Amino acid sequence: MKNVKVSTLGFGFMGKLHTISYKSMPYCYYNFQYNIELDKLLTTRDINTISTGYNSHVNSILDLKDADMIDICTPNFMHKDQINEAILSGIKNIYCEKPITGIYDEEKEIVKMAKDKSINNQVGLVLRFLPIVIRTKKIIEEGVIGDIINFNAHIYHESYLNPDRPISWRLEKSKSGGGALIDLGIHIIDLIQYILGPITETEGYTKTFINKRPSENGIKNVDVDDFAHLDVLVNEKTQGCIEVSRVFASGGEDTSIIIYGTKGSINLNTKNPESCFLYILNQNAWLSSENYKFKDSEDDIKFLWPLGKFSLGTMVNSHMASLFCFMSRINGKTFNFIEPPTFESSASALKVIDDCYNSITK
Ligand SMILES: NC(=O)c1ccc[n+]([C@@H]2O[C@H](COP(=O)([O-])OP(=O)(O)OC[C@H]3O[C@@H](n4cnc5c(N)ncnc54)[C@H](O)[C@@H]3O)[C@@H](O)[C@H]2O)c1
């Protein structure tokens, strides 16, 4: 067994979900090789260590410097200083929730600094770990649906449809970097770039449907988008459309990508993370992606994705797979069919988001 000392920053939604993941890994993975010690939790909340499961609670990043990996789960505007301080204090392995900061120029600087200081890093662009994404990428690489002509992708949530939901850091541009496009768009933009290639041109528009929301100090204006529509070009030739919303009644969430090729199409939806649908033109048949399992890539899936009976749901499974991937990488494991999302992946998606925001002000 290899000891891994994990220290976490922030104990909101993500801090808790990541902690559930660390605690569950030894139960959910066969022959798990790590002894995870939940060491320090950086939090200002008045909670005891029995509720969090960490050895101790601290206020300063300097207290985290003997961690084998740190895990940043704080709001976006805090990431930049926390990454800077972590690197200065000698921490070498940094996992950070997406986006790195939500501001493209800052993200470029952080990518450079991490490279200069040889920091192992990963961001929480966890949809890359879904079996359907790994299978889709392989199916496309194998030419099963031919040359890609077009795609249509959306990530619709209803999380801010209720106008009475109060302002939070996510609804303030100075704290989040932007609205739905930053918060959710980054996931689907990353997937498109990961599966199909770099987005080379972007035009779009955004809309804020609910302009005012309650706050502790009365009604406040919202200065970020609820919705965004992007028309993009991939690899300078393939057109596609991406839509993002936090105000669409979608049964909670609906995330889907349909990719059209010259020999067929592929349709994936995160509601079914294990299986997507393939249409094969010359057979005039819809097939489940189970018919297109490639033995070698299935090994990577089996390693990181919890088996059915140990599934904790797509949200925890995907974060757990991503965190396990990072833990494995810093201990020398490589993956053949998964390219882990890094600071660079976040910055690259931020460039697309920046281009969209800039195309609106032209
Ligand atoms: N990859 C994903 O699927 C995913 C999903 C949700 C959130 N995230 C990311 O995780 C990060 C944290 O998001 P979250 O949903 O856990 O947020 P959250 O608001 O639930 O929790 C944030 C934590 O930071 C603490 N905090 C410290 N200073 C704060 C301040 N000045 N203002 C507000 N909170 C402060 C809060 O007490 C809380 O513990 C964000 O970067 C977010 O984008 C990623």
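Because the structure is a prediction, the values reported are computed rather than measured. The residues of the chain are indexed from 1 along the displayed sequence. Numbering of ligands and ligand atoms starts at 1, following listing order.
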N or O contacts of ligand 1 with protein under 3.5 Å, please list pair by pair.
residue, atom, partner, partner atom, Å
ligand 1, 1 (N), Glu97, OE1, 2.9
ligand 1, 1 (N), Gly124, O, 2.9
ligand 1, 3 (O), His319, NE2, 3.1
ligand 1, 15 (O), Arg170, NH1, 3.4
ligand 1, 15 (O), Arg170, NH2, 2.9
ligand 1, 16 (O), Phe13, N, 3.3
ligand 1, 16 (O), Met14, N, 2.8
ligand 1, 19 (O), Trp169, NE1, 2.9
ligand 1, 20 (O), Phe13, N, 3.0
ligand 1, 37 (O), Arg45, NE, 3.4
ligand 1, 39 (O), Phe11, N, 3.1
ligand 1, 39 (O), Gly12, N, 3.0
ligand 1, 41 (O), Thr74, O, 3.3
ligand 1, 41 (O), Asn76, OD1, 2.7
ligand 1, 41 (O), His79, NE2, 3.3
ligand 1, 41 (O), Lys98, O, 3.2
ligand 1, 43 (O), Asn76, OD1, 3.3
ligand 1, 43 (O), Lys98, O, 2.9
ligand 1, 43 (O), Lys98, NZ, 3.3

> Going by distance alone, is a donor N or O of one side chain under 3.5 Å from an acceptor N or O of the other, for Glu253 and Thr255?
Replying inline: yes
> Do you see a donor-acceptor pair shorter than 3.5 Å between the side chains of Tyr357 and Thr206?
Replying inline: no
>> Centre-to-centre under 6.0 Å for Tyr29 and Phe303, is that the case here?
In response: no
> Is the His57 to Phe11 ring centre distance short of 6.0 Å?
Replying inline: no
>> Out of the candidates Asn267, Leu287, Asn284, only one should pair with Tyr279 under the side-chain contact (heavy atoms from CB on, under 4.5 Å) rule; please name it.
In response: Asn284
> For His187, what residues pass the ring pair (Phe, Tyr, Trp, His ring centres under 6.0 Å) criterion, not counting sequence neighbours?
Replying inline: none
